[in-house]
> 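Quick one: structure below, then a few questions.
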Protein chains: 2
Amino acid sequence: MPGKAPSNANGKTKVLVVDDDPAILRALSINLSAREYHVLQAADGAQGLAAAARERPDAIVLDLGLPDMDGSDVIRGLRGWTSTPIIVLSAREQEAQKVAALDCGADDYVTKPFGMDELLARLRAAIRRAAPAPDEPVVETDDFTVDLAAKRVTLAAGSDVRLTPTEWQLLEMLARHAGRLVTGRQLLAEVWGPAYQTETHYLRVYMAQLRRKLEPDPSRPRHLLTEPGLGYRFSI
Amino acid sequence: MPGKAPSNANGKTKVLVVDDDPAILRALSINLSAREYHVLQAADGAQGLAAAARERPDAIVLDLGLPDMDGSDVIRGLRGWTSTPIIVLSAREQEAQKVAALDCGADDYVTKPFGMDELLARLRAAIRRAAPAPDEPVVETDDFTVDLAAKRVTLAAGSDVRLTPTEWQLLEMLARHAGRLVTGRQLLAEVWGPAYQTETHYLRVYMAQLRRKLEPDPSRPRHLLTEPGLGYRFSI
DNA sequence: GTTCGGCGTATGGAAGTCGTCAAGATTGCT
DNA sequence: AGCAATCTTGACGACTTCCATACGCCGAAC
């Protein structure tokens with residue numbers, strides 16, 4: 001199936017379903033699982049936000065009528081740090097609410113009762129759109145090469161470098177924005193989760209590890225540069 | 001208006017509406033024009049494809065019930081060469097048709113009769129998604145180049161300039177209003193916070209630092225100009 | 001000619017940030 | 001359960017950035 005954006009180990013596309021109605025949760029879960037999606041569930045807004053931060057789903061199906069939070073606030077909470085597609089479900093047929101949700105950053109809006117096939121089609125469309133154009137899956141410098149697709153780093157000498165999962169995520173994030181400055185907040189939110197946006201400490205530790213593994217002279221980095229007070233930059 | 005992706009000369013977002021019903025064509029045209037979109041019209045599939053190729057709209061609203069072609073074929077004809085967002089309109093409430101349209105590559109699907117506000121919200125959402133980079137904000141002068149996205153300043157000679165966070169914020173603020181005058185109050189409120197609107201002192205210190213780093217002759221600035229008694233201006 | 005207010009420049013200490021090392025804590029695998 | 005790899009956490013010195021003050025320059029007003 002083309003157009004999917006599998007992000008986890010087993011190659012399945014992760015979908016997070018946030019709904020307080022167990023019947024809907026179950027129906028979606030069954031249908032999505034049958035189509036080889038990896039389904040995560042959450043019963044209210046707080047759980048949904050936590051699950052999204054923890055699991056990094058490829059798409060989110062969100063019911064607006066949650067018991068604990070306003071739907072728009074959930075959307076804003078997600079959009080603060082991720083651009084994962086969000087498909088909103090709602091029992092209410094109020095146009096103003098649709099407009100509000102879409103303008104908060106939702107990608108699509110489906111009114112209950114909905115047809116399962118339609119929801120699945122909209123989900124496919126959303127995930128297809130979100131799949132980033134694999135424009136340049138290889139970033140190359142004088143000293144090493146980062147292959148985003150193969151998740152592999154090779155030194156100029158030819159030897160492969162072993163990176164831990166966290167190290168790789170950090171390097172991937174930097175390499176995807178090669179040349180551009182990436183703020184510490186962005187990196188922390190993406191790699192460790194939005195709750196860690198102030199733990200700048202992790203960044204220092206892991207940047208040091210990456211430099212030790214990749215830079216010819218780790219104490220004078222040529223590619224993994226610090227912009228004091230602002231963030232880091234992958235310089236080719 | 002954030003989120004738009006103006007692609008033509010006058011800065012408006014181009015929307016192509018393809019529908020054989022003159023009433024809908026007119027209603028959409030009026031509503032879109034009122035919201036500062038540039039509206040193009042086509043009455044059947046062939047005209048629609050031709051207009052899309054000729055005009056490169058930023059989004060397309062497509063009625064499925066066209067007299068000359070099947071709707072899915074129109075979508076496929078567009079998707080062969082462009083990824084412009086397509087929002088499908090259809091009178092029929094048939095789920096299978098929605099699914100087919102979405103799987104052909106449509107981005108969204110609205111069933112007639114539809115609320116104008118909802119359609120406009122979906123249009124905004126589609127255009128927002130399609131604008132991956134909120135354009136490439138680069139401000140260039142004879143002596144240096146400011147790349148807002150990459151947070152990078154390069155001298156004409158080619159060397160990068162290192163700015164502190166405060167220096168960068170100040171320069172960014174000026175560059176975003178390039179050519180226009182920015183008052184000291186605005187700058188202070190934005191960079192240091194609303195409580196500092198009278199501390200004009202900070203401005204003098206940091207403007208001096210920016211000039212020293214960026215101007216060929218810091219004592220006779222060519223781009224970071226003082227408007228005595230008013231504020232500062234970034235002159236290209 | 002003097003005074004005054006707005007502006008530009010220089011400098012030093014306080015506060016914060018960054019890099020490094022190393023010791024727990026956690027996880028996953030055998 | 002035990003082991004190894006990985007992730008977290010803490011402490012410290014080196015460095016950068018920020019803020020505050022002091023001083024010189026210039027034009028306008030008197």
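Chain letters run A, B, ... following the sequence lines, proteins first and then strands; every chain starts at 1. Computation of the quantities below employed the complete heavy-atom set of this structure, encompassing side-chain atoms and omitting hydrogens, waters and symmetry-equivalent molecules.
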> Using only side-chain N and O atoms of A:Arg204, determine if any of them is under 4.0 Å from OP1 or OP2 of C:dT20.
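For C:dT20, OP1/OP2 do not have a side-chain N/O of A:Arg204 under 4.0 Å.
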> Charged N to carboxylate O below 4.0 Å: is that the case for B:Asp108 and B:Arg122?
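Answer for the salt bridge query: yes.
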> With distance as the sole test, does A:Arg79 use its side chain to make a donor-acceptor pair with the main-chain N or O of A:Gly105 at under 3.5 Å?
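At least one qualifying donor-acceptor pair exists.
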> Are B:Trp168 and B:Tyr206 an aromatic pair, judged by ring center distance below 6.0 Å?
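So the answer is no for these two rings.
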> Does a donor on one side chain sit under 3.5 Å from an acceptor on the other, for B:Gln186 and B:Thr183?
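Checked: B:Gln186/B:Thr183 side chains pair up, N/O donor to acceptor below 3.5 Å.
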> How many whole angstroms separate atom CE of B:Met207 from atom P of C:dG6?
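Rounded to the whole Å, the gap is 18 Å.
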> Keeping the roles fixed (side chain from B:Arg129, backbone from A:Asp107), state whether a donor-acceptor pair exists under 3.5 Å.
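Yes, because the side chain of B:Arg129 sits within donor-acceptor range (under 3.5 Å) of the backbone of A:Asp107.
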> Using a 4.0 Å heavy-atom cut-off across all strands, classify B:Trp168 as base, sugar-phosphate, or nothing.
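Nothing, no heavy atom under 4.0 Å.
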> Identify whether any heavy atom of B:Tyr196 sits under 4.0 Å from a base atom; if not, whether one sits that close to sugar-phosphate; answer base, sugar-phosphate or nothing.
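Here B:Tyr196 touches no strand at all.
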> Between C:dT9 atom C1' and B:Glu215 atom CD, what is the distance in whole Å?
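Rounding to the nearest Å, CD of B:Glu215 and C1' of C:dT9 are 16 Å apart.
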> Between the main-chain N or O of B:Pro228 and the side-chain N or O of B:Thr226, is there a donor-acceptor pair closer than 3.5 Å?
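A pair under 3.5 Å: no.
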> Under 4.0 Å between any heavy atoms, over every strand shown, what does B:Thr200 touch: base, sugar-phosphate, or nothing? Just pick one.
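No contact.
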> Nucleotide range of DNA chain D contacted by chain B, 5' to 3', under 4.0 Å to a heavy atom?
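The footprint of chain B covers D:dT16 to D:dA22.
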> Would you mind classifying the nucleic acid contact of A:Arg220 as base, sugar-phosphate or nothing, using non-hydrogen atoms under 4.0 angstrom?
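No contact at all - A:Arg220 keeps every heavy atom at 4.0 Å or more from the nucleic acid.
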> May I have the distance from A:His201 (atom NE2) to C:dT17 (atom P), rounded to whole angstrom?
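About 13 Å, once rounded to whole Å.
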> Is any side-chain nitrogen or oxygen of B:Tyr202 closer than 4.0 Å to OP1 or OP2 of C:dC7?
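So the side-chain polar atoms of B:Tyr202 never come under 4.0 Å of the phosphate oxygens OP1 or OP2 of C:dC7.
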> Rounded off to whole Å, could you give me the CG-to-P distance for the B:Leu225 and C:dC7 pair?
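B:Leu225 atom CG is separated from C:dC7 atom P by 14 Å.
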> Measure the distance from CG on B:Leu188 to P on C:dC7 and round it to the nearest whole Å.
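In whole Å, C:dC7 P and B:Leu188 CG are 12 Å from each other.
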> According to a strict under-4.0 Å criterion, is B:Ser219 in side-chain N/O contact with OP1 or OP2 of C:dG8?
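Negative; the distance criterion is not met.
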